[in-house]
Asks: 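Just passing along the structure, written as structure tokens.
Note that these values count all heavy atoms, side chains included, but never hydrogens, waters or copies made by symmetry. The structure presented is a predicted model; accordingly, all values stated were derived computationally and were not measured. Below, read A as the first sequence line, B as the second, and so on, with proteins coming before strands; counting in each chain starts at 1.
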Amino acid sequence: MEAEMVGIPPQSKKLQKSSRSLQRITIKSPEYSYFHLKMIFDPPLDTAGLVDAITWRTTLTNSLMQYLGVVGSAIRIDILHTEGEEAVLRLPTVDMVKFGAAVSGFVGTSEGRSIGFKTLGSSAFLMGLIGRAREEDIWDGFGN
Amino acid sequence: MVRYKARYLLITIYYPTEPTPSSSNPTLPFTHPSHPSLTKQSLSNLIRDSLALQFGDYGAGAAGNMAVKYFSPATSTGIIKVSRAHYRMLWASLTFIKEVLGRGAVVTVVRVSGTIKKVQIEATRRAKEGIRRAQGVGGEGVGLDVMDVMGDDDDDEGGEGEESEGLVG
């Protein structure tokens with residue numbers, strides 16, 4: 001990631017010593033963005049659901065190919081981590097919006113099951129994806 | 001009222017994999033007449049297929065509001081109208097076309113303009129240039145009915161007083 005020092009306000013000589021440890025850094029245009037996706041199945045997988053990286057790769061390519069064609073399927077997706085039915089992906093920030101659209105609207109089939117994606121989070125920084133699992137708990141208690 | 005802005009692309013289809021007929025003009029390489037069954041409709045379908053393949057549902061929808069305004073199989077020259085926001089996507093899908101009706105082909109965009117008038121002028125200019133070169137080299141006429149380049153429709157020319165961008169290929 002490239003960092004730029006932007007607009008650090010001029011400081012009086014008096015304060016300079018104590019505030020030397022404080023710096024403000026602005027990252028203007030990150031090259032990559034990160035997605036946290038979950039693959040959802042209908043009917044659901046067995047309790048010990050595990051989706052391997054190859055299945056992720058083929059399903060993602062299918063969804064991109066359908067919505068964005070050959071040019072869209074060339075978007076560079078890196079599968080950083082898979083765990084159970086979830087995965088963390090990295091892709092160029094310029095493709096983030098289109099990828100999000102492709103993934104949201106995709107419905108596929110495999111072995112008699114319908115497959116879809118649920119976006120658990122997306123962010124320009126990997127740190128922005130963690131700690132989001134609790135957001136789902138907001139909906140507990142509704143319609144039960 | 002926001003005006004609908006369009007771009008008109010002047011295209012030429014070349015068939016570089018085919019041997020040049022001995023009677024054709026050596027100063028216009030790779031130019032072959034297209035098959036007469038390559039009409040405006042069939043060319044439009046070809047372009048839409050390429051758009052759907054290269055850019056998917058998104059591309060087919062975005063640049064799908066396109067029309068082949070003119071096409072002459074004799075000169076393999078055509079004019080395509082497409083919305084301004086997505087004309088580059090259409091241009092790219094034209095570039096990716098590999099074959100036309102079973103013949104290996106290359107589609108080139110010769111000129112882009114905001115009005116159909118400028119594109120028509122360019123097409124007639126190129127046709128005249130071709131004839132001039134043919135007569136200069138061979139001493140004989142080309143024999144093609146190239147002056148009949150602008151035979152048909154001249155629609156929506158009246159209200160479009162826009163700027164044109166010149167891109168001469």
Asks: When hydrophobic residues are tied together by side-chain contacts of less than 4.5 Å, even through go-betweens, does A:I40 share a cluster with A:F99?
Replies: no
Asks: Are A:F35 and A:F106 connected in the hydrophobic side-chain network, where two residues link if heavy atoms are under 4.5 Å apart?
Replies: yes
Asks: Verify the cluster assignment for B:I97 and B:L43: are they in a single hydrophobic cluster under the rule of side-chain heavy atoms below 4.5 Å apart?
Replies: yes
Asks: Donor-acceptor pairs under 3.5 Å, chain B to chain A, main chain and side chains both?
Replies:
residue: B:L53; atom: O; partner: A:V70; partner atom: N; Å: 2.9
residue: B:Q54; atom: O; partner: A:V70; partner atom: N; Å: 3.1
residue: B:Q54; atom: O; partner: A:V71; partner atom: N; Å: 2.9
residue: B:D57; atom: N; partner: A:Q66; partner atom: O; Å: 3.1
residue: B:D57; atom: N; partner: A:Y67; partner atom: O; Å: 3.1
residue: B:Y58; atom: N; partner: A:Y67; partner atom: O; Å: 2.9

Asks: If Ile, Leu, Val, Met, Phe, Trp and Tyr residues are connected whenever their side-chain heavy atoms lie under 4.5 Å apart, and connections chain through other members, are A:I79 and A:L50 in the same group?
Replies: no
Asks: Any chance you could lay out the side chain to side chain contact (heavy atoms under 4.5 Å, CB included) test for A:V70 and B:F55, step after step, and finish with the verdict?
Replies: CA-CA 6 Å; A:V70 170; B:F55 294 98; over 6 Å; no
Asks: Can you name the salt bridge (Lys or Arg N to Asp or Glu O under 4.0 Å) partners of B:E129, sequence neighbours left out?
Replies: B:R132, B:R133
Asks: I'd like to know if B:I121 and B:I11 are part of one continuous hydrophobic network [Ile/Leu/Val/Met/Phe/Trp/Tyr, side-chain heavy atoms within less than 4.5 Å].
Replies: no
